[in-house]
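Per chain, numbering begins at 1; letters A, B, ... match sequence-line order. As the structure is a prediction and not an experimental result, all values here were calculated from the model.
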2 protein chains.
Amino acid sequence: MPTSPFCTLPAVTPNRKVFTVRPVDGTSSLTQQVIDSVREAILSGELRPGELYSVYQLAAQLNVSRTPVREAMLRLAEAGMVRFERSRGFRVLRRDPREIAEVFHLRLLLEVPAARLAARRAGPELVESARAELEAMRAAAKDHDEPRFMRHDRAFHRLLLTAGANRKLVGMVDNLRDATITLGASTVDRSRSLADIAEEHEPILAALEARDPEAVAGAMRAHVSHTGELLLAQVATEAGVAADPADIDLLHAT
Amino acid sequence: MPTSPFCTLPAVTPNRKVFTVRPVDGTSSLTQQVIDSVREAILSGELRPGELYSVYQLAAQLNVSRTPVREAMLRLAEAGMVRFERSRGFRVLRRDPREIAEVFHLRLLLEVPAARLAARRAGPELVESARAELEAMRAAAKDHDEPRFMRHDRAFHRLLLTAGANRKLVGMVDNLRDATITLGASTVDRSRSLADIAEEHEPILAALEARDPEAVAGAMRAHVSHTGELLLAQVATEAGVAADPADIDLLHAT
DNA sequence: GCTTGACATGCAGCATGCTACATGCCACCT
DNA sequence: AGGTGGCATGTAGCATGCTGCATGTCAAGC
């Protein structure tokens, strides 16, 4: 028996009226929908860490067959959000501050050199695009439109990454950003406002315009590192403890 | 119609005598077996890049049902080895030198700082284990036992990574190493012998024993960078062209 | 000959039936 | 009462049937 007999998860488009196969008809595949739905459910607390769930149960709740649910959970398991336990079901894993520290450590290792590289190769059009994104961030901040802000924030970072000319790296950082979101961690309106975050990007852009790779790297390091610190402190506070010094170390390790 | 009506892939354990489900009985899951099998088939050239294949066809050849094959291909698609094309099948992607450059660029960005961190935190037991792995590599080199050599090579690097204290990083580098193998790229016996490779690790270990983090980082950089250069040159030669300077740049970018 | 449209072919994605297995529970024995 | 074995329950993993879609092909019309 499920924990709750009828907790309606974020709700995948109800199918099953007709045989319904629509791999591409506007919406994405069922598997992808289930992934998104479960992600949200974990964030919203509807699926609780430590609890056992089953593919059967989830499929019933989402009103889809077990196959897409199974595939979705396998992918989430690969991403480390969930762990299958033989013949018992799967368990939503508990996220800990260490994980945040690790994610930001990795982002430092990848984004800082990528930013430096980008600065070396930067043409005027890169600078221009980056400025456009920053302006868009400021506008979104003024409107308190967090989703739009996040889109442009990501776009800004992605521009620098792409200019660094390593496609695999771009994909990895994208995954790391996803992981952060999935960790349920946002500094917005707790540690700092959207406007604050936007302004943290100004030094990066300024250094980029000055064609100073070391300055760009330094500014990027400061920004990412700062975000990581805030997040770490915030999560630790929520857990009612001080942040582990070892985790903080990771954010300053070269 | 398949390319060849009866090309026997590396051969997943033939099931289907009885209903057979053995998720854990000694061997791994069918999905995992299919993944391994397809990887090998791509390496051996049995599955050719550019060619279209289908889940149906592969399932028949491997003598398993479509489900595990489908799951396997989805995971390989995620890893970028293969791409699904709507209603047509999936295509084995062509690997290019750029990809090798990107993988080694990433390994530099991750392994060098991790090695530095490891050196800072190194206790005597780390040094001891590392030396043991290096000795095992030398022994395997003497026996010309490449698989055993590779195991210890990987173990050596993994020791340093683990000491760097970022679990996510360890996993990422592991994936990058897998990617290298999957690229079909090995410098063994073409650019250098097993013994040569083993000796490249000596400076790293020496610096580790001297507790000199910068020297460890430098030695690691030299080793990974050197491997990348050889691989790049080798692949380029096979393709009959000189290596792209931009790719070489990536291996020296800070 | 060239264009165009119906049909055949083959595909991925989803639904669902089935088996072996792990675990918890309860009755039965000591 | 406490310990133990058998059984009910629920699970993941695999097999397989089914549908709608994309593309290639071939024939009919221009």
Side-chain angles (χ1 to χ4, degrees), chain A residues 1-3 5 12-38 51-78 82-92, chain B residues 1-3 5 12-38 51-78 82-92:
Chain A
M1 185 69 82
T3 309
V12 162
T13 41
N15 290 353
R16 199 163 292 177
K17 313 166 182 178
V18 71
F19 191 78
T20 54
V21 172
R22 25 166 204 38
V24 100
D25 63 8
T27 79
S28 57
S29 79
L30 276 186
T31 298
Q32 189 55 52
Q33 288 183 53
V34 172
I35 290 177
D36 296 342
S37 182
V38 169
E51 206 89 11
L52 263 177
Y53 299 94
S54 83
V55 171
Y56 263 78
Q57 165 204 347
L58 229 66
Q61 284 180 25
L62 295 172
N63 197 34
V64 294
S65 82
R66 306 189 312 267
T67 307
V69 174
R70 178 177 147 71
E71 282 176 5
M73 300 321 296
L74 283 174
R75 292 185 57 173
L76 289 178
E78 209 171 0
V82 123
R83 193 183 54 213
F84 272 82
E85 298 190 4
R86 168 153 190 77
S87 290
R88 304 218 30 193
F90 57 85
R91 201 180 291 280
V92 176
Chain B
M1 184 70 83
T3 309
V12 162
T13 41
N15 291 354
R16 199 161 293 178
K17 314 165 183 179
V18 71
F19 191 79
T20 54
V21 173
R22 24 168 203 39
V24 99
D25 63 10
T27 79
S28 56
S29 78
L30 277 187
T31 298
Q32 190 55 52
Q33 287 183 52
V34 172
I35 290 178
D36 295 342
S37 183
V38 169
E51 206 89 12
L52 265 175
Y53 300 93
S54 83
V55 170
Y56 263 79
Q57 164 204 348
L58 229 66
Q61 284 180 25
L62 294 172
N63 197 34
V64 295
S65 82
R66 307 189 310 267
T67 307
V69 175
R70 178 176 146 72
E71 281 176 6
M73 298 322 295
L74 283 174
R75 291 186 57 172
L76 289 178
E78 209 171 359
V82 122
R83 193 183 55 214
F84 273 83
E85 298 190 5
R86 168 153 190 78
S87 290
R88 305 218 30 191
F90 56 85
R91 201 180 290 281
V92 176

A/Leu58 side chain reached by A/Met73 side chain, heavy atoms, under 4.5 Å: yes
Partners passing ring-ring contact (aromatic ring centres under 6.0 Å, His included) against A/Tyr56 (at least two apart in sequence or in another chain): none
Can you tell me how far P of C/dG13 sits from CE of B/Met73, to the nearest Å? 12 Å
Can a side chain N or O of A/Ser65 be found less than 4.0 Å away from OP1 or OP2 on C/dA15? yes
Result for 5'-nearest mapping on DNA chain D, choosing between A/Ser54 and B/Thr31, is A/Ser54
For the pair made of CD in A/Glu85 and C1' in C/dG24, what is the distance, rounded to whole Å? 15 Å
Specify the separation, in whole Å, of atom CZ of A/Arg91 and atom C1' of C/dA22. 14 Å
Going by side chain to side chain contact (heavy atoms under 4.5 Å, CB included), name the residues that satisfy it together with A/Leu74, two or more places apart in sequence or in a different chain. A/Arg70, A/Phe84, B/Glu71
Interatomic distance, A/Glu71 CD vs C/dG13 C1' [rounded to whole Å]: 8 Å
When the distance from OH of B/Tyr56 to C1' of C/dG10 is rounded to whole Å, what number comes out? 9 Å
Is any N or O donor-acceptor pair between the side chain of B/Arg66 and the base of D/dG17 shorter than 3.5 Å? yes
Report which part of the nucleic acid A/Thr67 touches: base, sugar-phosphate, or nothing (heavy-atom distance under 4.0 Å, all strands). base
Measure CD/A/Gln57 against P/D/dG10 and give the value in whole Å, please. 12 Å
Check this one for me: any side-chain N or O of A/Arg70 less than 4.0 Å away from OP1 or OP2 of D/dG13? yes
Check the distance between D/dA12's P and A/Leu52's CG and give it to me in whole angstrom. 9 Å
Rounding to a whole Å, what distance do you find between A/Leu74:CG and C/dG13:P? 15 Å
Mapping A/Arg88 and A/Pro68 onto DNA chain C by nearest heavy atom, which one lands closer to the 5' end? A/Pro68
Roughly how far, to the nearest 0.5 Å, is CG of A/Asp36 from OG1 of A/Thr31? 11.0 Å
Give, for atom CD1 of B/Ile35 and atom CZ of B/Arg75, the distance between the pair rounded to the nearest 0.5 Å. 4.5 Å
